[in-house]
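Please see the structure below; I have some questions.
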Amino acid sequence: MTARDHTQYQSLLRHMPQGYVEFKVVYDANGEPVDYEFFEVNRAFENIMKSKRDQFIGGHITDVLKDFEYSEREWIAQVAKAVSSGEAITFEHFSRRNKAWYELSVFSERPGYVTTIFHDVTPHVQENNALKQLVNVSHRFVSTGRELLINQHFLDQIRSFTGAKAVALNLIEEDGETYSTVALSGLNETIERSLDILGFHPVGKKWGVYPERVRLMKQDNPIIFKHVEELIENRLSKRLIKNLTRIFDLGQIVLFKIEKDGVLYGDLTIVMQGTDEPNRLGLVELYIHHILEQMMKSDQQTGKAKDSMFEGFATVDLECIMSLQKRDILHLNKPWERVLGFPLEELENMDFIGLVHPDDVAKTDRAFAELETARELFRFVNRYRTIDGDYRSIEWHCKVQGSYIYAVAKDVTERVQLEEELAERDRLLTKLSDQVPGAIYQFERRPDGSFSFPFFSRGFEELTGVLAEDVRKDASIVFSKIHPDDYPHVMASIEASYRDLTIWDAEFRVFMPDGHTTWILGSSRPEKLADGHVLWHGYIGDVTEKKKYEMEIEYLSYHDQLTGVKNRRYFDEALLTYDEEAYYPLALIVVDVNGLKLTNDAFGHLVGDRLLIEATNILKREVRGKDTVARIGGDEFVLILPNTSPNEARQLADRLSRMFHAKSIEGLPISASFGEAVKLDASMPIIEVFNLAEDRMYHHKVSEKQSRRHHSIQLIMRTLYEKIPREEAHSQRVAELSGKLGTAMGFTTAEVSELKTAAVLHDIGKVAISNDILDKTGPLTDTEWREIKRHPEVSYNILSTVPEYGTLSEIVLAHHERWDGKGYPKGISEYDIPLASRIISLADTFDVMVTGRPYRKAKTIEEALAVIRDEAGKQFDPMLVEMFFEKVVPTLQR
C-alpha cells in the first residue's frame with residue numbers, strides 16, 4: 001500500500017459511521033487468547049462507548065470494561081471464537097449500557113490482531129417490536145369493544161395529567177332521555193365512606209336529560225363551570241351540594257362532550273380541587289377522539305380486525321401531542337429519551353421546536369402551515385438536535401384534531417444517510433454536468449415531428465432563458481426563443497441532421513427574458529432509435545462574447561476608430577467592388593481637411609480630433625445612403641459616389657466647401673481642399689480616376705495655401721484678443737517698447753519691423769490656455785504654472801507652420817529665457833538667447849509690471865524700473881538694461 005493509499009484508508013476508518021476497533025490479542029502460555037489490548041479505535045466507537053480514544057488505546061478489555069455491566073462483556077467470548085477459528089463471524093448484541101442493539105462483525109486482517117465493526121441496528125429491531133405491539137393493541141380493541149370506554153385506567157390517566165380531583169364518565173342511555181355515571185376516578189376508601197354518609201354516590205346514578213343541560217351541551221368543548229352547583233343545580237339539594245363542595249374542596253368543573261357526526265354519546269367531567277386549574281386539556285380532546293373511533297369500529301366491525309386512527313402510518317415508535325397554534329408540547333412518550341438523549345421531563349418542558357436543525361426551520365414552518373389547511377401530513381422529515389449536539393432525522397405522520405396535533409414518528413437517520421449516499425452519486429453526475437461551461441442536453445424527435453428534451457443540465461436554463469419545468473410541459477418554448485432571422489436556418493439544420501443522421505451544428509441567437517439576445521453555438525450527434533425516433537446527444541455554449549469580439553474585429557477592420565466612417569482597407573476593397581458598369585458614372589471626391597497640424601499645435605490633439613469629427617459629420621450629412629465616406633489618411637477623406645455625373649460631383653464639392661467654412665472650432669473656420677474625378681465607363685482604370693481626383697485636390701490646396709496660412713494666424717490672434725481683451729493692448733505696448741529699444745540698439749528699419757511683429761505675436765500661444773488660469777486672481781498652482789509656461793512652445797508651433805514666420809517663431813520661443821539661464825522652455829543663457837528675444841523679454845516684463853495682472857497688483861513706473869535695474873545680469877541682458885534706461889526711459893510718460 002502506497003503512502004497515499006494508507007492515508008486515504010486511515011481517513012476512511014476515522015470518518016466511517018460504524019464503530020471500528022482493532023485489538024492486539026494477548027495470549028497465555030498455551031497460546032490461548034485471554035485478553036485484548038486496544039490498538040486502534042475510530043470516532044464512531046468513541047461515541048458508542050461515550051468515552052475518549054485515550055481511555056482505550058493501550059488498555060486491556062478486562063481493565064477498560066471492568067466497571068461495565070455484564071452485557072458489555074458478552075461479545076468478548078464471540079471475539080475469542082473469531083480469533084480461534086480465523087473466520088469472520090457476525091452476531092447481534094444488546095448493550096444495556098447504551099440501550100441499543102448492535103450488529104457486530106469480527107474478523108482478523110493480520111496475525112495477532114482482530115478487528116470488530118459495530119453497526120447500530122436499533123431502529124430495525126425497534127421497528128419489528130413496534131409492529132408486534134401494534135398487532136397486540138388491535139386485538140385488545142377487538143376483544144374489549146365498547147367496554148374500553150369504562151376502563152378505570154383510562155379515567156385515572158386523564159386525572160393524572162390534568163391534575164384533577166376527580167374525573168367522571170357519563171354515557172347517554174339508549175332511550176336518549178337519561179344518562180348515567182358509568183365510571184369515576186379519584187375515589188378512595190375515605191371518600192367512598194363520606195359519600196355513603198352524605199347519601200350520594202354518583203357511580204351508577206341515572207340523571208335526566210333536562211332542558212338546561214341540553215342548552216349547556218350546545219356549547220363548544222370544553223365547557224367550563226366555576227362551581228359544581230352550576231352543573232347540577234336543581235338536581236341535588238343545596239345543602240348536599242354545599243357539603244360536597246366544603247368537604248371535598250371542589251373547584252372548577254371542566255366538561256367535554258363525547259360526540260361524533262352530530263350524535264352525542266355522553267360527556268367526560270373533570271372536577272378540580274380548590275383554586276387549581278386543569279393541565280393539558282388538549283390531551284383530553286385527543287383521547288376522546290381516539291375513544292370515539294374505537295367505539296364506532298367496535299359497533300361496526302365486531303369480530304373483525306380494526307385499523308388504528310392512523311391508518312396508513314409507518315410503524316409507531318415515537319409519539320407526540322402538541323398545540324397547533326402555540327406549538328407547545330403536551331405529551332411525549334418514553335422512546336424520545338433514547339432518540340434524543342434528553343430526559344423526558346426535560347423534553348416536555350423545553351422549547352421542543354427549538355431543537356430543529358437551523359436549516360430545517362423554514363420547511364418545518366411550512367409543514368405547520370400545511371397542517372392548518374390539510375389537517376394531515378404524511379412522511380415529513382426534519383432533523384432534531386440530540387443531547388450530544390448531533391442531529392437525528394425524524395419522519396413524522398400527523399393528524400389535527402381541533403386545535404391540537406397528534407403525531408407518531410420514527411427515527412430514520414440511517415435510512416436518510418443511505419438515501420443521501422445514493423443521492424450523492426446523482427449529485428456528483430449533475431454537478432459534473434453543471435460545471436461544464438455551457439449545457440449538456442438530449443433532444444428527441446419522433447417520426448410525427450413531435451419532440452422533447454429528455455435531459456439537460458442547469459446551464460440550459462441560463463443559455464436559453466427558459467425554465468426546466470416549462471420545457472418539460474412544452475418543449476416548443478425553446479424554439480420560440482430563437483431569433484426570427486435565425487429560426488429558418490436552425491430548423492433546416494435539424495431537419496438535415498434527422499434525415500441524414502449527420503452531426504448537427506448551428507450558431508444562432510436566442511431572446512432572453514430581459515429582451516437582450518444571446519448568441520448560442522450548438523453541436524450534437526444523432527442516434528437512431530427504434531420506430532424512426534432520433535435522439536441527439538449534444539452541447540450548447542454561449543458565444544456572445546466571441547461574436548461581439550468577431551464583430552468588433554470586423555468593424556475595426558473596415559472602420560476608422562476616431563470618426564466611425566470606413567477606413568483605408570475598406571476603401572481599397574470598395575474600389576474594386578464599385579468598379580462595375582452598374583455603378584457608372586462612378587464619382588470620387590478626395591477631401592483634405594486644412595489646418596489640422598495648426599489646430600493640434602495651437603489647441604491640442606483633442607481639439608484636432610474634434611475638427612476631424614465635425615468635418616466627418618458634415619460629409620456624412622450631405623452624402624446619400626448609397627454613397628460611402630472613407631478616411632484614408634490623417635486629414636484625408638474620399639467620397640465614393642455611385643451613379644453620379646461630373647456636374648453633380650462638382651456641385652457637391654462646392655456645397656461641402658461652403659458648409660465647412662460655416663463651421664468653426666475654437667474660432668477657426670473649418671476648411672478643406674476638394675478634388676473630384678468621374679469614371680464614365682470601363683475605358684479608364686479606377687486607380688487612375690482616384691489619382692486624378694487626388695491631383696486636383698493637391699492643386700486646389702497649393703493655390704490657397706499661402707493666403708490661408710496668413711489668414712489662420714490672423715484668426716488665431718483675433719480669437720486670442722476676444723478671449724483675453726487685455727492682450728491686444730499689451731501686445732501693442734510691448735511692440736512699441738521693443739521697437740524703441742531696437743532702434744536704440746541700431747536695428748535697421750526692416751529689423752525693427754520684424755522685431756515689432758514678433759512682439760505683437762509673442763503671446764499667441766496663450767490661445768490654448770484656459771481662461772480659468774489666465775483670469776485667476778489667486779496664486780497659481782504648480783500645475784497651472786506648468787500650463788502657463790507652455791505658451792512659448794505653442795506660439796512657436798503655430799508660427800512655424802507659416803514659412804515666412806520662421807524667424808519670428810524662434811524669437812517668440814525664447815522670449816521667456818533668462819540671462820542667468822533660469823528661464824524656460826530651454827533654459828539657455830546670455831548670448832545663446834536671440835537679441836530680439838532678450839529685448840521682448842525686457843519690454844514684456846516692464847509692461848506687465850506697470851499694468852498688472854489678475855493675480856498681481858500693478859506697480860508704479862519707479863517701482864518697475866527698480867526691479868528692472870535689480871534684475872540686470874540676472875533676468876535681463878545688463879547691456880540692454882543700460883540702453884533701456886539711457887534711451888527708452890526718458891521717453892516714458894510718468
Side-chain angles (χ1 to χ4, degrees), residues 123 126-127 130-131 133-135 137-138 141 148 161 220-222 256-263 265 280-301 304-333 335-336 339-340 347-348 352-357 359-384 392-413 415-416 419:
Q126 290 174 339
E127 185 170 344
L131 283 171
Q133 293 172 9
L134 187 61
V135 172
V137 170
S138 178
F141 285 161
L148 176 66
F161 62 68
D220 294 332
N221 280 337
F256 280 90
K257 296 180 293 182
I258 303 176
E259 62 178 350
K260 187 176 180 68
D261 299 329
V263 179
Y265 293 92
R280 300 180 176 176
L281 291 180
L283 284 176
V284 179
E285 191 168 2
L286 290 169
Y287 269 109
I288 291 173
H289 177 74
H290 185 65
I291 290 170
L292 280 168
E293 286 206 355
Q294 299 308 323
M295 182 177 67
M296 298 297 290
K297 291 173 182 175
S298 176
D299 292 341
Q300 298 171 8
Q301 302 177 9
K304 299 179 181 180
K306 296 183 287 294
D307 297 327
S308 73
M309 66 177 289
F310 290 96
E311 181 180 358
F313 273 24
T315 302
V316 174
D317 186 8
L318 307 170
E319 293 181 355
C320 174
I321 301 177
M322 69 174 68
S323 65
L324 178 60
Q325 298 300 324
K326 295 183 179 180
R327 305 179 188 178
D328 295 332
I329 291 298
L330 305 175
H331 167 70
L332 294 172
N333 64 343
W336 281 105
V339 174
L340 300 182
L347 277 173
E348 290 183 333
F352 187 71
I353 302 301
L355 297 176
V356 173
H357 193 289
D359 294 344
D360 294 347
V361 170
K363 74 172 185 177
T364 301
D365 289 339
R366 290 194 296 271
F368 277 109
E370 182 179 344
L371 273 172
E372 291 182 358
T373 55
R375 316 302 285 180
E376 291 185 342
L377 184 66
F378 291 88
R379 297 195 178 281
F380 170 74
V381 178
N382 59 0
R383 290 166 291 175
Y384 278 77
R392 305 294 294 179
S393 295
I394 306 298
E395 183 180 68
W396 295 90
H397 306 271
C398 313
K399 277 190 176 182
V400 174
Q401 173 64 31
S403 59
Y404 301 95
I405 303 171
Y406 183 62
V408 293
K410 63 185 300 185
D411 183 354
V412 293
T413 305
R415 189 194 79 193
V416 170
E419 290 172 350

In short, Ile329 meets Met322 closest at the heavy-atom pair CD1-CE, 3.6 Å
When rounded to the nearest 0.5 Å, the distance separating NZ of Lys410 from NE2 of His397 is 7.5 Å
In terms of heavy-atom contacts, Glu319 and Trp336 come closest through O-NE1, 2.7 Å
The reported gap from NZ in Lys399 to CZ in Phe378 (rounded to nearest 0.5 angstrom) is 6.0 Å
Side chains of Asn382 and Tyr384 in contact at under 4.5 Å (non-hydrogen atoms): yes
Across all chains, not counting sequence neighbours, the side-chain contact (heavy atoms from CB on, under 4.5 Å) partners of Asp220 are none
Check: Okay, side chain of Ser393, backbone of Arg383: is any donor-acceptor separation there less than 3.5 Å?
Finding: no
Q) Do Leu377 and Ile405 touch side chain to side chain, with heavy atoms closer than 4.5 Å? A) no
Between Arg375 and Leu324 the two heavy atoms that sit nearest each other are NH1-CD2, 4.1 Å
Looking only at heavy atoms, the pair that brings Val339 and Arg392 closest together is O-CG, 3.8 Å
Hits for side chain to side chain donor-acceptor pair (under 3.5 Å) against Asp328, two or more places apart or cross-chain, chain-then-number order -> none
dist Asp360:CG -> Phe380:CZ (nearest 0.5 Å) comes out at 7.0 Å
Those residues at least two apart in sequence (or on a different chain) that pass side chain to side chain donor-acceptor pair (under 3.5 Å) with Asn221 are none
- Query: side chain to side chain contact (heavy atoms under 4.5 Å, CB included) between Leu340 and Phe352: does it pass, once the steps are laid out?
  - Reply: CA-CA 11 Å; Leu340 300 182; Phe352 187 71; 4.0 Å; yes
Quiz item: Are Val412 and Arg379 close enough that some pair of their side-chain heavy atoms sits under 4.5 Å apart?
Solution: no
When every non-hydrogen atom of Val381 is compared with those of Lys363, the smallest separation belongs to O-NZ, 2.8 Å
Between Leu347 and Leu332 the two heavy atoms that sit nearest each other are CB-CD1, 3.8 Å
